[in-house]
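Below is one structure, written out as structure tokens; comments come after it.
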Amino acid sequence: EVEIFFSRRIGIDPSGTQVPILGGLRLSGKAGKFDFGLLNMQTREVASVTPANNFSVLRVSREFRNRSSLGFIGVNRNSTSQFARDLPWNRTFGADLNLGFGKYTNWFSNIAKSQTPGRTGSDHAGASSFDYDDQHHRLDFSYTEVGRNFNPEVGFVRRVGYRKPNFGYRYTHYPQ
């Protein structure tokens with residue numbers, strides 16, 4: 001329901017019009033137990049329709065034992081045109097933590113905050129989910145909250161201004 005970074009937003013303006021990409025750089029890799037990704041792209045201005053923008057993304061995560069990890073992401077869109085309309089820039093920052101317990105249990109949590117000129121307060125999003133799955137029993141609890149001013153312009157949000165608790169249980173029987 002919430003994506004802090006969605007690469008297909010680069011090269012398309014908010015109305016869906018294609019915007020030419022002038023160039024960019026993408027680096028990704030692994031160094032020991034660290035994963036990293038860096039992206040920087042520049043789009044061209046489309047005459048009085050959309051300004052030129054520079055997009056930057058940095059993601060770093062660290063893996064631990066038993067499916068556990070800790071990660072951070074920063075996303076920035078900055079207008080490089082004379083006319084930037086009302087939104088000259090947008091930033092989103094986030095962190096995620098995944099903890100694996102034993103063979104069957106995971107707890108995943110993430111938090112994010114966006115910064116947009118003219119929007120203050122309630123500019124956060126977060127989720128936490130606890131899952132147990134031993135092939136016969138699947139149990140999950142989760143909670144998601146998205147503030148009414150959360151605005152990751154280079155991401156994707158289905159809707160804003162809600163809180164959603166969730167619970168589920170499923171039993172699967174495998175015949176002999």
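Excluded from the calculations below are hydrogen atoms, water molecules and symmetry mates; all remaining heavy atoms, backbone and side chain alike, are included. The first residue in the sequence is number 1, and the count goes up from there.
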For a quick test of your reading: what N or O donor-acceptor pairs under 3.5 Å do the side chains of residues 165-176 make, sequence neighbours left out?
from, atom 1, to, atom 2, distance (Å)
Tyr169, OH, His137, ND1, 2.6
Tyr174, OH, Gln135, O, 3.4

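Of the inter-residue distances, the one linking Leu58 atom CG with Phe36 atom CZ reads 10.0 Å to the nearest 0.5 angstrom.
The salt bridge (Lys or Arg N to Asp or Glu O under 4.0 Å) analysis of residues 100-119, with sequence neighbours excluded, yields the pairs Lys113-Asp123.
Annotation: cation-pi geometry not satisfied between Arg148 and Phe150 (NZ/CZ under 6.0 angstrom from ring centroid, within 45° of ring axis). Remark: Arg62 is positioned above the aromatic ring of Phe34, its terminal NZ or CZ atom under 6.0 angstrom from the ring centre and at most 45 degrees off the axis.
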Working note: Val146 + Val2, criterion side chain to side chain contact (heavy atoms under 4.5 Å, CB included); need CA distance, chi angles, decisive distance, verdict. CA-CA 8 Å; Val146 179; Val2 176; 3.6 Å; yes

Between Ile4 and Val75, is a side chain to side chain contact (heavy atoms under 4.5 Å, CB included) present by the stated rule, with each step listed? CA-CA 8 Å; Ile4 293 173; Val75 182; 4.0 Å; yes

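Side-chain contact between Ser128 and Ser142: absent, with no pair of heavy atoms (C-beta onward) separated by less than 4.5 Å. Side-chain contact between Arg8 and Ile10 is absent, with no heavy atoms from C-beta onward closer than 4.5 Å.
Residue Trp89 qualifies as enclosed at atom CH2: its count of foreign heavy atoms under 6.0 Å is above 12.
Residues satisfying the side-chain hydrogen bond (donor to acceptor under 3.5 Å, both in side chains) test with Thr144, not counting sequence neighbours, are none.
A salt bridge links Lys30 to Glu63: one of the charged nitrogens lies within less than 4.0 Å of a carboxylate oxygen.
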